[in-house]
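Right, one structure below, let's go through it.
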Amino acid sequence: MVMDKISISTLGKFVGEEVTVKGWLYNKRSSGKIKFIVLRDGSGYLQCIYFKGNVSPEIFELADKLGQESSIAVTGKVKEEKRAPGGYELDATGLEVINEAIDYPITLKEHGTEFLMDHRHLWLRSSKQVAILKIRHRIVKAIRDFFDNKGFTLMDPPILTPAACEGTSTLFETPYFDLGKAYLTQSGQLYAEAGAMALGKVYTFGPTFRAEKSKTRRHLTEFWMVEPEVAFNDLNDNMDLAEEFLEYVVQTVISEMTEELKVLERDTTKLQKVKRPLPRISYDEAVEILKKNGVDFEWGNDLGGADETIISNEFDMPVMVHRYPSAVKAFYMKRDPENPKLALAVDVLAPEGYGEVIGGSQREDDFDALLKRIEDNELPREAFEWYLDLRKYGSVPHSGFGLGLERTVSWICGLDHIRETIPFPRMIYRITP
RNA sequence: UCCGCGAUAGCUCAAUGGUGGAGCAUUCGGCUGUUAACCGAAGGGUUGCAAGUUCGAGUCUUGCUCGCGGAGCCA
């Protein structure tokens with residue numbers, strides 16, 4: 001019996017049976033009277049064998065002519081075969097062309113990034129990109145599972161906002177009817193704080209936008225961020241949550257995505273070490289590390305990318321750096337009651353030079369202190385009136401953090417550039433495809 | 001915005017100021033177990049654009065365009 005719509009990943013259940021599998025021609029090889037067609041369908045790869053004596057001359061000819069990425073339906077008997085990639089092979093008898101692809105631009109050989117980025121819509125079909133997309137999906141699912149299982153409520157913040165959330169970054173702006181200008185959000189955090197006062201524990205998970213002209217392997221203009229916010233959590237609670245969260249995400253991915261990590265040739269020995277407790281150091285201790293390594297660093301400055309790498313190299317797992325100078329951090333962060341020059345902030349620096357993957361803090365919950373901070377930063381009070389209300393009606397200590405999805409994918413996959421972590425990256429000089 | 005590097009065949013790259021080549025892809029031929037298969041052959045070029053130096057420029061000079069990496073900013 002010929003069966004229909006079988007994905008390659010489930011072929012093990014059909015050994016000895018004749019099946020039809022639909023997909024795309026990934027690669028082909030031939031040796032006279034035998035042709036090998038490697039079919040991919042998104043779930044895996046299947047080597048199909050066409051022997052000259054077993055099929056009609058027309059089909060044998062067709063198997064020879066078809067170009068890479070032609071969409072086809074292959075029919076044949078499934079058998080186990082150690083020599084075949086994936087472990088199974090199709091003793092093919094049938095070949096039906098759905099659409100013939102002529103001169104597919106991306107070959108299995110090397111290509112430069114500019115060419116690949118111009119063909120990003122096709123590049124996604126490559127085995128490495130498929131592996132990255134699957135790991136990204138698994139990370140997203142792990143993130144949601146983690147918070148859902150802990151009683152958090154997902155709350156979607158607005159993407160169009162009336163003003164800067166943090167008052168620092170350059171934002172994308174767009175006309176908004178009679179109300180003037182609107183801006184694409186750079187963070188859902190302020191709204192998450194409102195949500196935490198309503199629901200106790202919330203997280204936002206959505207796209208965020210920065211119009212900074214950043215031109216590095218760690219930056220996108222459009223990226224996804226997950227931001228938990230918890231009422232009654234102080235900075236230490238926040239760090240406890242962050243390390244448990246990171247451990248869960250990393251351990252889930254390395255235990256469930258072994259095939260994909262192998263495709264990416266990711267050495268997972270360092271990822272396996274991501275277990276609680278993560279090292280916690282203060283900004284002051286971080287400065288000491290920099291000075292010990294010969295960096296001419298002035299207390300009060302923010303840590304640069306190179307500084308972060310030096311600090312994270314001192315540890316073999318992510319390191320939490322807490323209590324930064326308040327001057328380099330956002331206005332909404334609570335001051336350290338033991339030293340008002342410090343903010344109750346925490347950044348988590350990923351190892352292997354991947355830099356900051358988490359930034360968070362305990363929020364300022366005192367009305368007067370927050371108002372003064374808004375005024376000192378010359379932010380428009382009227383835009384933050386609702387935010388101040390949260391401190392007027394039943395204010396409580398609360399904390400949260402944001403994790404950059406793409407930086408996390410980049411780190412876990414061991415990529416050298418963030419542009420491969422998102423299907424269609426948006427960067428300063430690229431908005432197509 | 002600043003600093004550095006680069007642009008040669010569809011792709012990845014060679015070419016001392018002196019007749020622009022190779023591998024892959026494509027087309028044709030060969031091979032009954034290939035693993036980015038292999039072997040043989042063919043087609044394929046306004047060397048990013050514009051000007052200059054020179055007997056002669058892919059190569060040297062200037063400007064421009066585009067890209068890449070880094071800084072700042074941040075996740």
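In what follows, chains are A, B, ... by sequence order, proteins preceding strands, each numbered from 1.
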Just checking, is any N or O donor in the side chain of [X] or [Y] under 3.5 Å from an acceptor N or O on the other one?
X: Tyr332(A); Y: Gln189(A); value: yes
X: Arg125(A); Y: Gln68(A); value: no
X: Glu420(A); Y: Gln129(A); value: yes

**Fill in**
Out of G69(B), U26(B), G70(B), minimum distance to the side chain of Thr216(A) belongs to G70(B)
**Nearest to side-chain heavy atoms of Arg29(A), which nucleotide of C74(B), A75(B), U34(B)** =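 Nearest nucleotide to the side chain: U34(B).
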**Asked** Can you list the stems that include RNA chain B, where a stem is three or more consecutive Watson-Crick or G-U pairs with distances under 3.5 Å?
**Response**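 The stems that RNA chain B takes part in, listed by first number, are B:1-7 with B:65-71, B:10-13 with B:21-24, B:26-30 with B:38-42, B:48-52 with B:60-64.
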[X] [atom1] to [N] [atom2]: how many Å, rounded?
X: Phe205(A); N: A75(B); atom1: CZ; atom2: P; value: 16 Å
X: Leu108(A); N: G23(B); atom1: CG; atom2: C1'; value: 14 Å
X: Ile37(A); N: U34(B); atom1: CD1; atom2: P; value: 17 Å
X: Lys28(A); N: C38(B); atom1: NZ; atom2: P; value: 14 Å
X: Arg120(A); N: G67(B); atom1: CZ; atom2: C1'; value: 17 Å
X: Arg430(A); N: G67(B); atom1: CZ; atom2: C1'; value: 9 Å
X: Glu100(A); N: U26(B); atom1: CD; atom2: C1'; value: 13 Å
X: Met427(A); N: C73(B); atom1: CE; atom2: C1'; value: 17 Å

**Message:** Between Ile428(A) and Ala306(A), which residue's closest nucleotide on RNA chain B lies nearer the 5′ terminus?
**Reply:**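 On the 5' side of the pair lies Ile428(A).
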**Request:** Using the closest heavy atom to pick a nucleotide of RNA chain B for each, name whichever of Gly67(A) or His417(A) lands nearer the 5' end.
**Result:** Gly67(A)
**Message:** Just to be sure I understand the rule, does Ile358(A) reach a base, reach only the sugar-phosphate, or reach nothing, if contact means heavy atoms closer than 4.0 Å?
**Reply:**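 Since only primed, P, OP1 and OP2 atoms lie under 4.0 Å of Ile358(A), the category is sugar-phosphate.
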**Message:** Applying a 4.0 Å non-hydrogen cut-off, can you work out what Asp302(A) is touching in the nucleic acid: base, sugar-phosphate, or nothing?
**Reply:**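 Counting heavy atoms under 4.0 Å across all strands, the contact made by Asp302(A) is with sugar-phosphate only.
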Rounded distance in Å between the [atom1] positions of [N] and [M]:
N: G44(B); M: G4(B); atom1: C1'; value: 35 Å
N: U47(B); M: C13(B); atom1: C1'; value: 13 Å
N: A57(B); M: G70(B); atom1: C1'; value: 32 Å
N: A42(B); M: A7(B); atom1: P; value: 29 Å
N: C28(B); M: G67(B); atom1: P; value: 38 Å
N: A15(B); M: U27(B); atom1: P; value: 31 Å
N: G17(B); M: G52(B); atom1: C1'; value: 16 Å
N: A36(B); M: C31(B); atom1: P; value: 24 Å

**Asked** Considering the options Asp302(A), Asp284(A), Asp336(A), Asp347(A), which one meets the side chain to side chain donor-acceptor pair (under 3.5 Å) requirement together with Tyr324(A)?
**Response** Asp347(A)
**Asked** Do Phe401(A) and Leu241(A) come within less than 4.5 Å of each other through their side chains, counting heavy atoms only?
**Response**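 With C-beta onward as the side chain, the pair touches.
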**Request:** Could you check if a side-chain atom of Val55(A) sits within less than 4.5 angstrom of a side-chain atom of Leu95(A), using non-hydrogen atoms only?
**Result:** no
**Prompt:** Does the ring pair (Phe, Tyr, Trp, His ring centres under 6.0 Å) test come out yes or no for Phe115(A) and Trp123(A), once each step is laid out?
**Reply:** CA-CA 10 Å; Phe115(A) 178 80; Trp123(A) 188 21; 9.8 Å; no
For nucleotides 7-15 of chain B, list the nitrogen or oxygen atoms of the protein found under 3.5 Å from its nitrogen or oxygen atoms, one pair per line.
residue, atom, partner, partner atom, Å
C11(B), O2', Glu110(A), O, 3.1
C11(B), O2', His111(A), ND1, 2.4
U12(B), OP1, Gly112(A), N, 2.8
U12(B), O4', Glu110(A), O, 3.4

**Request:** Give a yes or no on whether the backbone of Glu356(A) and the side-chain of Arg407(A) come within a donor-acceptor separation of less than 3.5 Å.
**Result:** yes
**Request:** Please answer whether the main-chain N or O of Gly44(A) pairs with a side-chain N or O of Ser9(A) as donor and acceptor at a distance below 3.5 Å.
**Result:**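 No, Ser9(A) side chain to Gly44(A) backbone: no donor-acceptor pair under 3.5 Å.
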**Item:** Residues that His219(A) engages under ring pair (Phe, Tyr, Trp, His ring centres under 6.0 Å), provided they are two or more places apart
**Value:** none
At a cut-off of 3.5 Å, list every protein nitrogen or oxygen paired with a nitrogen or oxygen from nucleotides 29-33 of chain B, distance to 0.1 Å.
residue, atom, partner, partner atom, Å
C31(B), N3, Gly32(A), N, 3.0
C31(B), N4, Ser30(A), OG, 3.4
C31(B), N4, Gly32(A), N, 3.4
U32(B), OP2, Lys33(A), N, 3.4
G33(B), O2', Arg83(A), NH1, 2.9
G33(B), N1, Glu89(A), OE1, 3.0
G33(B), N1, Glu89(A), OE2, 3.4
G33(B), N2, Gln47(A), NE2, 3.4
G33(B), N2, Glu89(A), OE1, 3.4
G33(B), N2, Glu89(A), OE2, 2.3

**Item:** Phe384(A) ring center within less than 6.0 Å of Phe331(A) ring center
**Value:**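 Between Phe384(A) and Phe331(A), which both carry aromatic rings, the centre distance is below 6.0 Å.
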**Prompt:** Do you know which of Lys329(A), Arg373(A), Arg335(A) makes salt bridge (Lys or Arg N to Asp or Glu O under 4.0 Å) with Glu364(A)?
**Reply:** Arg373(A)
**salt bridge (charged side-chain N to carboxylate O under 4.0 Å, His left out) involving Asp237(A) - partner list, sequence neighbours excluded** =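 Salt bridge (charged side-chain N to carboxylate O under 4.0 Å, His left out) check on Asp237(A) returns nothing, list empty.
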**Prompt:** From Lys262(A) NZ over to Glu260(A) CD, what is the distance, rounded to the nearest 0.5 angstrom?
**Reply:**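 Taking NZ in Lys262(A) and CD in Glu260(A), the distance rounds to 10.5 Å.
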**Message:** Salt bridge or not between Glu247(A) and Lys275(A)? Use side-chain N to carboxylate O under 4.0 Å.
**Reply:** no
**Asked** Could Arg266(A) and Glu352(A) be called an ion pair, given the rule that one side-chain N must be under 4.0 Å from one carboxylate O?
**Response** yes
Quick one: which protein N/O atoms are closer than 3.5 Å to N/O atoms of nucleotides 41-45 of chain B? Pair and distance per line, please.
none

